[in-house]
Amino acid sequence: MTFAFSGAIGMWHAITTIFWKDLKIELRTKEAFSASFVFALMVLVIFNFTLNLTTEEATAMGAGFLWIAFAFGGVLALNRSFALERDENCLQGLQLAPIDRGGVYLGKCLANVVFMLITELILLPLFAVFFNVDITARLGYLVVVLVLGTIGFSAVGTLFSAIAAHTRMREVILPILLLPAAVPVLIAAVECTTYALGGDASPALWFRLLVVYDVIFLTVSFLTFGFILQE
Amino acid sequence: MPGEPGLLAARDITKSFGRFKALRSVSLDLAAGEFLTIFGRNGAGKTTFLKIVSSIIRTYSGSVILFGSDLKRADDDTRRRIGFVSHESLLYKDLSVYDNLMFYARLYRVQSPGQRIAEMIARVDLEAKTTVPVRALSRGMRQRLALARAFIHGPELLLLDEPFTGLDERASEILDGFLDEFVKHGGSVVMVTHDIDRGWRHAHRVAVLDRGAVVYETPAAESSADAFRDKYHEILRS
């Protein structure tokens, strides 16, 4: 019991230490935010000006555009996540540290979730303006879906970002690995977001898929991260 | 004193990367308070050996007993007792000098980290650069900061992978000072290098790794730098 408790304290310590380090670097450089925000914004602007949708069409299809923008922007932020560990071989510093490697994963994942959510929360009102969509119809539900979708995307993205960091073509490898694996969470998030924007079809099944995907990928990634970090 | 029972006992370590055998049945011991220098050409397996001892590499055959426990089952406390210095600084360029040390102090759960950081910054002569991001430091300053990083948690065993590579005169002096003091206070060191002068200076015992195997081992007191240099070149020619 005591062992489990001290293990949990140690894990929490590892997660917060990694998280604060990534947050501090991001606050100083703003590289992940600026890259993902500008890219995601451009995706929304292009969709808006090329498709010229009515409000009804935008309500029905807007969720898809929104998650395409989030996903592409998110890939850039995730690429950055382990790029900063490659400089000066900082990854070795984490490998040497007396902390659970699962804690390193959860700390990095938490940082990625927070960075992506900040970008998404800034983009959301812009999306409403561009597409003339009411995002307040089911706002609480929309926020929950954004959080769950982002956790799922980051859970698998953080894992693949670590894998890609060991390869030569890392910037190319990440989207090739990540986007197919993230298809279930993206589809579920789009369906749930469509409902949150005023759609009629009940997304209960998709919502459950979102939750299950998050749990499975967080668990599997947490358990396998030690092997991936190994040389 | 050197020669006391084993702090580190590596037995029959074999490690392959695909078809390439980096280490072949390597057995080496290190007593508490001992300074072991391992020489060898590039690709001899020196760094692989250090990575196994530091538990960066965890899949290998053979056994490593470190601080009395099997390294494959070692807990966080075992790793907390190890310090590692390589020619790469392991520092985050976008964090300041202070923030880098604070990050590592937190990772290693250093008591009173603020006080320890101030002490280490003073020892490596970087007081004027505390808030400066690492990317704005010179190469020599970065290496001094890397030393502070490696010593921040007060390790008992120090692993050095070509630590003098790229060091300026000042940083080399500081590293020599650190090592002298570390060994004087009972610390144990494994250093890998191909710089005979630097490697011999502190060593109690030397070994030569060649093509993944230990081909020569002797107490430093039973030889001299010049005699060893001849022997080493003879090994490299063979």
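Quick note on labels: first sequence line is chain A, next is B, and so on, each numbered from 1. In what follows, every heavy atom counts, from backbone to side chain, and hydrogens, waters and symmetry copies are set aside.
In this structure, no portion of B/R81 lies under 4.5 Å from any heavy atom of chain A. No part of A/A14 comes within reach of chain B, as not one of its non-hydrogen atoms sits under 4.5 angstrom from that chain. In this structure, chain A has no heavy atom under 4.5 Å from any part of B/I82. Within the 4.5 angstrom heavy-atom criterion, only side-chain atoms of B/S86, from C-beta onward, approach chain A. Proximity to chain B involves both the backbone and the side chain of A/T17, based on heavy atoms less than 4.5 angstrom apart.
For B/R149 and B/Y104, the positive end sits near the middle of the six-membered ring, less than 6.0 Å away and at most 45° from its axis.
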Could you go through A/K21 and A/E85, starting from their C-alpha distance and side-chain angles, then the distance that decides it, and tell me whether this counts as salt bridge (charged side-chain N to carboxylate O under 4.0 Å, His left out)? CA-CA 11 Å; A/K21 183 264 295 173; A/E85 305 294 347; 2.4 Å; yes
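Salt-bridge check for B/D94 with A/R80: passed, with a basic side-chain N closer than 4.0 Å to an acidic carboxylate O. A salt bridge links B/D99 to A/K24: at least one charged side-chain nitrogen sits closer than 4.0 Å to a carboxylate oxygen.
A tilted orientation is assigned to the rings of A/F127 and A/F131, their planes being inclined by 30° to 60°.
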